[in-house]
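Remarks on the structure that follows.
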Amino acid sequence: MRAPARSLLLALAASTLVGPGRADQSARTPRPDDLPPGWSAHSPRDEIRPAFAYAPTGGPKRAGAIVITHDQRAGLQGWVEKEFPVKGEEWVRFGAVRKTRNVADPRRSCLARVRWADDAGKMVPAAVPDARVKELAHTPSAEPEHPLDGASDADGWTSVAGVYRVPPKATKAVVELHLQWAPGGRVEWANVELAKTDAPSPRTVRLATVHFKPSGKSPKANCEEYAPLVADAAKRKADLVVLGETVPYVNTGKKPHEVAEPVPGPTTDYFGELAKKHSTHIVLSVYEREQPLVFNTAVLLGPDGKLVGKYRKVCLPHAEVEAGVAPGSDYPVFDTKFGKVGLMVCYD
């Protein structure tokens, strides 16, 4: 899909260990540390600054690696960064590999980040359609990108990559490689590149939301009242139809535990049949019972009528806490034919 690109691969050069002991005019001012050309080391404050080093024979191909190391203190935070020239509205691909030691959550502590900037190093506006600019009080800034983790090889090197469209007014992409909040941890970063690439193949996804308050005659009636609305969304070729919160419970006058049901259960079976009938995905939430516990659970149903997955609401308002509803504890993400889907509910 992608044509050969002119790589902006950084040629890493040898350097020596640098650490928190050197003087600095400002904690956010780049230091002339002994890192490869173009790279600089940063930390929010000197007192939480980790150690930075360069290993000339590090990396999976022994072509060099930047190393960030934490001592046993909690809360250390630092990163290295380098500017790459870019052109507005072109597509670029970021790629790197990393290897960690004594890091409990690499995705949280060893992230890569790409910031968009102008010639002065300032944030640039996001790519907002001209028709929308007049409607907005101000144009939002282009948010940084966070490349995703990929596969890891037998030696523990994990690929980190992402493809992005450059905001129209950006002239620089500032690549950051982090180690944060990992006492005793260490990360090596290698094979860092930012290269022009082709645009991804276009993809059209149709989303529908149903804004409707059921009558509350019964939990079953509440579900059935959504059927014509789902059918209408399906006629418009919606790939995903999102319904309301706690559908069987609304307006019934009952308490959450009185209408709570297992998942899978009666409600997911009913809407699963609708999803299969109309060959679409459906999302809604129900009060789920698991032994003595009750959760506010969002479910994702596939076009085959089966349960793709569920998410239990983590952030509960006072009313649900007082009613004995329990919070969830994780944030699952599900694969569908049109992409990855995550679920959140109301107070989340």
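Owing to the predicted nature of the structure, the values given are computational and were not obtained by experimental measurement.
Listed for the T336 side chain is a donor-acceptor partner under 3.5 Å among the backbone atoms of F338. E245 places no side-chain N or O within donor-acceptor distance of the main-chain N or O of V345, the cut-off being under 3.5 Å. Of the possible donor and acceptor atoms, one in the side chain of D153 sits under 3.5 Å from a partner among the backbone N and O of D155. A distance-only check finds no donor-acceptor pair linking the side chain of S141 to the backbone of P125 [under 3.5 Å]. Using modelled atom types, no side-chain atom of R108 and backbone atom of C110 make a donor-acceptor pair closer than 3.5 Å. Panel note: side chain D118, backbone V124; no donor-acceptor pair is recorded below 3.5 Å. The backbone N or O of D239 sits less than 3.5 Å from a side-chain atom of H281, completing a donor-acceptor pair. With hydrogens and angles disregarded, no donor-acceptor distance shorter than 3.5 Å links the side chain of D71 to the backbone of P50. The closest donor-acceptor contact from the side chain of S279 to the backbone of K276 lies at 3.5 Å or more, if one exists at all. Checking side-chain atoms of T280 against main-chain N and O of A238 turns up a donor-acceptor pair under 3.5 Å.
For the pair Y311 and T297, the minimum side-chain heavy-atom distance is 4.5 Å or more. For the pair W91/V163, a side-chain contact is recorded, criterion being any heavy-atom separation below 4.5 Å from C-beta on. The closest side-chain heavy-atom distance from V103 to V187 is not below 4.5 Å. Taking 4.5 Å as the limit, every side-chain heavy atom of L148 sits out of range of all side-chain heavy atoms of V160. Counting heavy atoms from C-beta on, the side chains of T267 and V247 never come closer than 4.5 Å. In this structure, P248 and E261 have side chains that are in contact, with non-hydrogen atoms separated by less than 4.5 Å. Within the 4.5 Å cutoff, side-chain heavy atoms of P214 are placed close to those of Y226. Using a 4.5 Å heavy-atom cutoff, the side chains of Y54 and P36 are in contact.
Cation-pi geometry between K82 and F84 is met: under 6.0 angstrom from the ring centre, within 45 degrees of the axis.
Between E320 and K313 there is a salt bridge, since at least one side-chain N of the basic residue sits less than 4.0 Å from a carboxylate O of the acidic one. In summary, R113 and E145 do not engage in a salt bridge, as defined by a charged side-chain N under 4.0 Å from a carboxylate O. At a threshold of 4.0 Å, the pair K169-E89 does not count as salt-bridged, since none of the basic side-chain nitrogens sits closer than that to a carboxylate oxygen. Using a 4.0 Å cut-off between a side-chain N of Lys or Arg and a carboxylate O of Asp or Glu, E47 and R49 do not qualify as a salt bridge.
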Evaluation steps, ring-ring contact (aromatic ring centres under 6.0 Å, His included), between Y164 and F94: CA-CA 8 Å; Y164 309 106; F94 168 83; 7.9 Å; no
message: Set out, in order, the CA-CA distance, both residues' side-chain angles and the distance that settles salt bridge (Lys or Arg N to Asp or Glu O under 4.0 Å) for R115 and E81, then state yes or no.
response: CA-CA 10 Å; R115 292 189 286 111; E81 67 178 51; 3.2 Å; yes
- request: Apply the test side chain to side chain contact (heavy atoms under 4.5 Å, CB included) to residues V314 and Y331: give CA-CA distance (whole Å), side-chain angles for both, the deciding distance (0.1 Å), then the verdict.
  value: CA-CA 9 Å; V314 172; Y331 299 89; 3.3 Å; yes
- request: Show your working on side chain to side chain contact (heavy atoms under 4.5 Å, CB included) between E176 and V114 and close with a plain yes or no.
  value: CA-CA 6 Å; E176 301 175 359; V114 180; over 6 Å; no
- request: Please assess D149 against R98 for the test salt bridge (Lys or Arg N to Asp or Glu O under 4.0 Å), listing each intermediate value before the final yes or no.
  value: CA-CA 10 Å; D149 289 7; R98 69 157 188 252; 2.6 Å; yes
query: side-chain hydrogen bond (donor to acceptor under 3.5 Å, both in side chains) between Q77 and S43: does it pass, once the steps are laid out?
result: CA-CA 6 Å; Q77 184 180 353; S43 178; over 6 Å; no
message: Pair R165, E90 - check salt bridge (Lys or Arg N to Asp or Glu O under 4.0 Å), show working.
response: CA-CA 6 Å; R165 189 176 188 183; E90 288 187 342; over 6 Å; no
message: Working note: T171 + D119, criterion side-chain hydrogen bond (donor to acceptor under 3.5 Å, both in side chains); need CA distance, chi angles, decisive distance, verdict.
response: CA-CA 6 Å; T171 60; D119 287 335; 2.8 Å; yes
message: E188 vs K99, test: salt bridge (Lys or Arg N to Asp or Glu O under 4.0 Å). Steps then yes/no.
response: CA-CA 5 Å; E188 297 177 63; K99 187 175 184 179; 5.5 Å; no
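Put simply, CG on D335 and NZ on K337 are 14.5 Å apart, with the number rounded to the nearest 0.5 Å. Going from atom OG of S109 over to atom CH2 of W181 covers 7.5 Å, rounded to the nearest 0.5 Å. With rounding to the nearest 0.5 angstrom, the CG atom of L111 is 5.0 Å from the CD atom of Q180. In this structure, CG on N102 lies 12.0 Å from NE2 on H70, to the nearest 0.5 angstrom. Note that CG of D269 is 11.0 Å distant from SG of C223, once rounded to the nearest 0.5 Å. The distance from the OG1 atom of T246 to the CG atom of N222 is 9.0 Å, given to the nearest 0.5 Å.
Side-chain N/O atoms of S285 and N296 include a donor and acceptor closer than 3.5 Å. At a cut-off of 3.5 Å, with distance as the only test, a side-chain donor of S215 or E225 sits close to an acceptor on the other residue.
Residue-environment remark: CZ (R101) stays at or below the threshold of 12 foreign heavy atoms within 6.0 Å.
In this structure, I68 is not a member of the same hydrophobic cluster as W157, with clusters built from ILVMFWY side-chain heavy atoms closer than 4.5 Å. Connection of L229 to L243 is established within a shared hydrophobic cluster, with ILVMFWY side chains joined at heavy-atom distances below 4.5 Å, either directly or through further cluster members. Cluster annotation: L307 and L343 are assigned to distinct hydrophobic clusters (Ile/Leu/Val/Met/Phe/Trp/Tyr, side-chain heavy-atom contacts under 4.5 Å, transitive). I48 and F52 fall into different hydrophobic clusters, where Ile, Leu, Val, Met, Phe, Trp and Tyr residues are linked whenever their side-chain heavy atoms come under 4.5 Å apart, directly or through other members. Tracing side-chain contacts under 4.5 Å through hydrophobic residues (I, L, V, M, F, W, Y), one reaches V92 starting from L177; they form part of the same cluster.
The two residues L301 and A275 have their closest heavy-atom pair at CB-CB, 4.5 Å. Closest of all the heavy-atom pairs between P219 and V259 is CG-CG1, 4.2 Å. Across A260 and R289, no two heavy atoms sit closer than the pair CB-CB, 3.8 Å. Of all non-hydrogen atoms in W189 and A96, the two that sit nearest each other are CE3-CB, 4.3 Å. Closest non-hydrogen pair, P60 versus N191, comes out as CG-ND2, 3.6 Å. In this structure, Y249 and P256 approach most closely via the heavy-atom pair CE1-N, 3.9 Å.
A side-chain contact (heavy atoms from CB on, under 4.5 Å) with L240 holds for exactly one of I282, L300, V205; it is L300.
Between W79 and H42, the angle of the ring planes stays under 30°, which puts this pair in the parallel group of the 30/60° scheme.
For Y287 and F295, the gap between ring centers reaches or exceeds 6.0 Å.
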